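Shown next, in structure tokens, is the structure this report addresses.
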Amino acid sequence: MLMSSNNLDDAGSYKYGQFKDNEEELDRLKLQATIALDLEKKAWKKAGLQPGMKVLDLACGPGFISCELAKEVGDGHVVGVDINEALIATAHQAKEREGVDNVSFSLGNLYELDLPENSFDFVYARFVFQHLEHPEKALENILKVLRPGGVLCITDIDDNWTSFSPESDAFVKFIRKAGAGQRRKGGNRLIGSQLYGMLKNTGYQDVSTNVHPLSSEDLGIRYFLGIAVLFRVEMLNGFQKLLALNCLRKIKKAAQDEHAWGAVGVFVTTGIKS
Ligand SMILES: C[S@@+](CC[C@H](N)C(=O)[O-])C[C@H]1O[C@@H](n2cnc3c(N)ncnc32)[C@H](O)[C@@H]1O
């Protein structure tokens, strides 16, 4: 059942506040928002982001990226919406810290958007679709709030594009287990390549998906593991978690090899409202 924004029932497989170490998760989100920002800005430009636009950062989390979008749109405006009250509070702090005036934040559920129809030039949804139980419903709601000609841009992930060397059974097992755990919580770690068809089915025009590799050469092997792998143990409970922790120990050891290398594919899907 679709619920209201003041509980986390509709947050799918991402419930900030229920991590073992929430501060550490916030640090990971911050790192993930800064480490490849130049590449991300290029993707926004390619998708059609321009100064003056009215932008919705949907499932904005702690608002780091909403503030960056606000800097890009100049005299435009960014609205950040998220279901998690604690993250919206963090987003307000980010706005103060960054000194950006043209961004505002509010609590909201993407399944029940309380926003005017036909009002946004650009909707950005970053690393949320992999957590959603009802992605098509979210796509329909976004279509309503986009103005005709407006652009939806989604950044997400697909485990079929996650790799690590030296060859490691533990890595393969871990990725499989974490993906299955996320699936049990309502998420989908293979969403990246599926979004193309989903946007087409929902009625978006000029749909396009591009994959941008992000490797340990860009991030360093430690940060690669930190933002792309280690935190995913949180998707598991009980015995599965114990097994996954054992895999993680082996992965960390394998990562000490001076030739260790890893990469994830970041999927950017865009579509236009006709
Ligand atoms: C992995 S975080 C990404 C946050 C942010 N977009 C970023 O890239 O830093 C996923 C976000 O989706 C939010 N979320 C999950 N389900 C949601 C829903 N139904 N409505 C609004 N936000 C939701 C979570 O609260 C969380 O902030």
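Predicted, not measured: the structure shown is a model, and the values here were computed from it. Quick note: residue numbers are just sequence positions, from 1.
K273 contributes no side-chain N or O that, together with a main-chain N or O of G150, makes up a donor-acceptor pair within less than 3.5 Å. Panel note: side chain K185, backbone G12; no donor-acceptor pair is recorded below 3.5 Å. Looking only at distances, no side-chain donor or acceptor of S216 sits under 3.5 Å from a matching main-chain atom of L219. The closest donor-acceptor contact from the side chain of N84 to the backbone of Y16 lies under 3.5 Å. Side-chain atoms of D82 come within 3.5 Å of backbone atoms of G61 as a donor-acceptor pair (strictly under, hydrogens ignored).
In terms of heavy atoms, A170 sits closest to K250 at CB-CB, 3.7 Å. Counting all heavy atoms, side chain and backbone alike, M235 lies closest to S13 at CE-O, 3.1 Å. Residues K95 and D101 share a closest heavy-atom pair of NZ-O, 3.7 Å. Across all their heavy atoms, T209 and G192 have their closest contact at CG2-O, 4.3 Å. Between G271 and Y204, the shortest heavy-atom distance links the atoms C-CD2, 4.0 Å. Of all the heavy atoms in L110 and N141, the pair that sits closest is O-ND2, 2.9 Å.
For the pair L37 and I65, the minimum side-chain heavy-atom distance is below 4.5 Å. A heavy-atom distance below 4.5 Å is not found between the side chains of P62 and I88. Using a 4.5 Å heavy-atom threshold, the side chains of N102 and V73 count as touching. Between D159 and T162, some side-chain heavy-atom pair lies under the 4.5 Å cut-off. Inter-residue side-chain proximity for F174 and L243 is flagged as unmet; no heavy-atom pair is nearer than 4.5 Å. Side-chain contact between L143 and L139 is absent, with no heavy atoms from C-beta onward closer than 4.5 Å. No side-chain heavy atom of V81 sits less than 4.5 Å from a side-chain heavy atom of F105. Using a 4.5 Å heavy-atom threshold, the side chains of Y124 and L69 count as touching.
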Legend entry - Test salt bridge (charged side-chain N to carboxylate O under 4.0 Å, His left out) applied to R126 and E40, step by step: CA-CA 11 Å; R126 183 180 191 269; E40 193 163 351; 2.6 Å; yes
Inset, instruction - Give the intermediate values and the outcome of side chain to side chain contact (heavy atoms under 4.5 Å, CB included) for residues F19 and E24. - result: CA-CA 9 Å; F19 283 78; E24 191 177 275; over 6 Å; no
Inset, instruction - For ring pair (Phe, Tyr, Trp, His ring centres under 6.0 Å), just list the numbers for W261 and F224, CA-CA rounded to whole Å, side-chain angles, deciding distance to a tenth of an Å, and then say yes or no. - result: CA-CA 9 Å; W261 186 90; F224 162 74; 7.9 Å; no
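For Y223, the OH atom is loosely surrounded, since the number of other residues' heavy atoms within 6.0 Å does not exceed 12. More than 12 heavy atoms of other residues, nucleotides or ligands sit less than 6.0 Å from atom NZ of K71. In this structure, D114 places its CG atom where only 12 or fewer heavy-atom neighbours from other residues, nucleotides or ligands lie under 6.0 Å away.
Hydrophobic cluster membership differs between L190 and V266, with clusters built from Ile, Leu, Val, Met, Phe, Trp and Tyr side chains linked at under 4.5 angstrom. Taken together through direct or relayed side-chain contacts under 4.5 Å among Ile, Leu, Val, Met, Phe, Trp and Tyr, I157 and F267 form parts of separate hydrophobic clusters. Under the 4.5 Å side-chain heavy-atom criterion for grouping Ile, Leu, Val, Met, Phe, Trp and Tyr, F231 is not connected to W161 through any hydrophobic cluster. Follow the hydrophobic side-chain contacts under 4.5 Å out from I227 and you never reach F64; the two are in separate clusters. Both F164 and L245 belong to a common hydrophobic cluster when Ile, Leu, Val, Met, Phe, Trp and Tyr are linked at side-chain heavy-atom distances under 4.5 angstrom.
A side chain to side chain contact (heavy atoms under 4.5 Å, CB included) with S119 is found for exactly one of K54, R147, K144, namely K54.
K41 has a carboxylate O that lies under 4.0 Å from a charged side-chain N of E72, or vice versa, which qualifies the two as a salt bridge. A salt bridge does not link E25 with K20: none of the charged nitrogens is closer than 4.0 Å to a carboxylate oxygen.
Remark: the Q240 side chain and the K177 side chain contain an N/O donor-acceptor pair separated by less than 3.5 Å. Neither side chain, Q93 nor R97, offers a donor N or O lying under 3.5 Å from an acceptor on the other. Looking only at atom types and distance, the side chain of E136 has no donor-acceptor partner in the side chain of N201 under 3.5 Å away. Side-chain polar atoms of Q182 and Y14 form no donor-acceptor pair below 3.5 angstrom. Remark: the D156 side chain and the Q130 side chain contain an N/O donor-acceptor pair separated by less than 3.5 Å.
Ring pair F122/W44: centre-to-centre distance not below 6.0 Å.
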